[in-house]
Number of protein chains: 2
Amino acid sequence: MATMPTSTARRANGGTAAKILDVAERLVQSRGYNGFSYADVAEELGITKASLHYHFAGKAELGEALIKRYAERFINSLREIDKDGGNAASKLDAYAELYAGVIRKRRMCLCGMLAADVDTLPSALRDAVRAFFDENETWLEHVLEQGKQERELRYEGRARDQAQFIIGALEGAMLVARPYRDADRFEASARRLLSTLAVPQTASR
Amino acid sequence: MATMPTSTARRANGGTAAKILDVAERLVQSRGYNGFSYADVAEELGITKASLHYHFAGKAELGEALIKRYAERFINSLREIDKDGGNAASKLDAYAELYAGVIRKRRMCLCGMLAADVDTLPSALRDAVRAFFDENETWLEHVLEQGKQERELRYEGRARDQAQFIIGALEGAMLVARPYRDADRFEASARRLLSTLAVPQTASR
DNA sequence: GTCTATAGGCAGATAGAC
DNA sequence: GTCTATCTGCCTATAGAC
């Protein structure tokens with residue numbers, strides 16, 4: 001009896017399920033949840049739609065697997081930033097760079113795209129999108145608190161609210177840059193955002 | 001020989017074309033360009049899909065008419081803000097309030113939504129989305145320059161770049177608020193954005 | 001202007017052979 | 001695991017009557 005692959009690929013990469021996720025992820029990030037089909041994915045991989053259904057029962061399950069993998073990778077990237085152990089300002093730089101890498105590939109953040117489509121999504125996907133933003137918020141909140149303590153960052157009010165603002169500003173900068181196909185446009189806004197948080201360098205030393 | 005209605009309604013409101021635009025606008029703003037159909041619009045209006053094609057030849061033409069009307073109304077709102085003749089800070093408040101009104105209706109900015117869908121749009125729609133953001137940018141640029149001159153607003157660098165940042169931040173705040181169905185979340189981010197621009201009140205007078 | 005009827009295609013999905 | 005074959009339904013769009 002063949003082992004059913006779980007919705008996460010059995011091997012880290014190269015398995016068919018992983019390849020499906022790779023293609024579907026790119027399609028959702030560029031065309032949206034309602035702008036891609038099983039046929040698109042199947043054609044690109046040279047397999048049939050029926051084979052896709054073996055790996056992912058339906059589009060909803062594929063979507064859930066997409067967010068799950070994307071969120072895991074993103075959170076792992078945040079842990080890497082923490083491990084690198086820089087100051088709070090450099091962590092924010094690295095955070096914005098995660099977004100920049102996405103738009104340079106002419107993609108939107110997966111969960112930003114799904115936030116646009118949210119009214120058409122199965123509720124499990126909507127919950128997963130929220131969880132993604134919540135995790136980002138929590139990570140940013142800690143960085144912002146660290147930055148305030150160490151007098152590297154300045155902002156008014158609660159760190160959590162500032163974190164929400166940062167996520168929105170970065171997602172929106174990506175969104176508006178899309179029709180221009182201009183990653184520089186995103187990067188200029190990201191620099192501006194971070195500069196409003198930076199404590200001005202004193203002339204001392 | 002019957003007069004063909006132009007893609008803009010002949011009467012200001014109430015005409016079938018205008019009703020079609022009303023319904024389609026709401027659907028695009030909540031479900032995205034690929035998340036609504038002629039059937040959705042027809043059913044809601046109690047007419048047939050074929051009748052829709054009389055007013056708008058195809059989905060692309062309907063989309064163009066949607067952006068055209070939306071942009072005209074938005075620009076008119078900006079002119080109204082100018083006519084009210086407040087200071088630059090109050091103009092920015094009013095600008096953010098335009099966005100807040102949209103999200104309170106549980107909608108996304110039409111052009112923000114289309115920015116997400118941009119890779120699937122006819123090129124005429126993509127051009128119109130860009131033109132919308134360009135016009136917003138130009139208006140904001142003038143307000144920001146006014147505000148700097150009158151020492152009501154503070155920001156670094158060029159007004160045009162700051163304008164781009166503001167648009168992105170507001171669009172993104174709307175986007176991220178969507179999965180939470182929480183207009184307050186948008187408003188908190190908008191207030192935070194505007195407060196970073198406000199010149200601190202001196203204790204004098 | 002709105003309708004009925006229909007076209008032709010694509011959507012997501014399933015049964016069952018190999 | 002992947003295939004062929006097929007289903008049902010929805011999509012955009014058109015022809016032509018009223």
Any side-chain N or O of [X] under 4.0 Å from OP1/OP2 of [N]?
X	N	answer
B/Tyr54	C/dT2	no
B/Ser51	C/dC3	yes
B/Ser37	D/dC11	yes
B/His53	D/dA15	no

Length of the line joining [X]:[atom1] and [N]:[atom2], which is rounded to integer Å:
X	N	atom1	atom2	result
A/Asp40	C/dA13	CG	C1'	16 Å
B/Glu43	C/dC3	CD	P	13 Å
A/Lys49	C/dA11	NZ	C1'	7 Å
A/Asn34	D/dC11	CG	C1'	13 Å
B/Tyr38	D/dG9	OH	C1'	20 Å
A/Leu62	C/dG12	CG	P	10 Å
B/Phe56	D/dA13	CZ	C1'	16 Å
A/Leu45	D/dT2	CG	P	10 Å

Discussion item. Please determine whether side chain to side chain contact (heavy atoms under 4.5 Å, CB included) holds for the pair B/Ile81 and B/Lys91, giving the CA-CA distance in whole Å, both sets of side-chain angles, and the decisive distance to 0.1 Å.
Written reply: CA-CA 6 Å; B/Ile81 293 173; B/Lys91 287 184 183 178; 3.7 Å; yes
Item to complete: For A/Thr48, report the nucleic acid contact type (base, sugar-phosphate, nothing); a contact means any heavy atom under 4.0 Å.
Response: base
Worksheet item: So does A/Glu72 pair up with A/Arg69, basic N to acidic O under 4.0 Å?
Response: no
Worksheet item: Could you go step by step and tell me if B/Glu187 and B/Arg192 meet the salt bridge (Lys or Arg N to Asp or Glu O under 4.0 Å) rule?
Response: CA-CA 8 Å; B/Glu187 300 195 41; B/Arg192 187 168 286 271; over 6 Å; no
Discussion item. Let me confirm one number: the CG-NZ distance from B/Leu52 to B/Lys59, rounded to the nearest 0.5 Å.
Written reply: 12.0 Å
Worksheet item: Distance under 6.0 Å and angle within 45° of the ring axis: does B/Arg31 meet both against B/Phe36?
Response: no
Response to the item:
On DNA chain C, more 5' by nearest nucleotide between A/Ala50 and B/Ile47 is B/Ile47
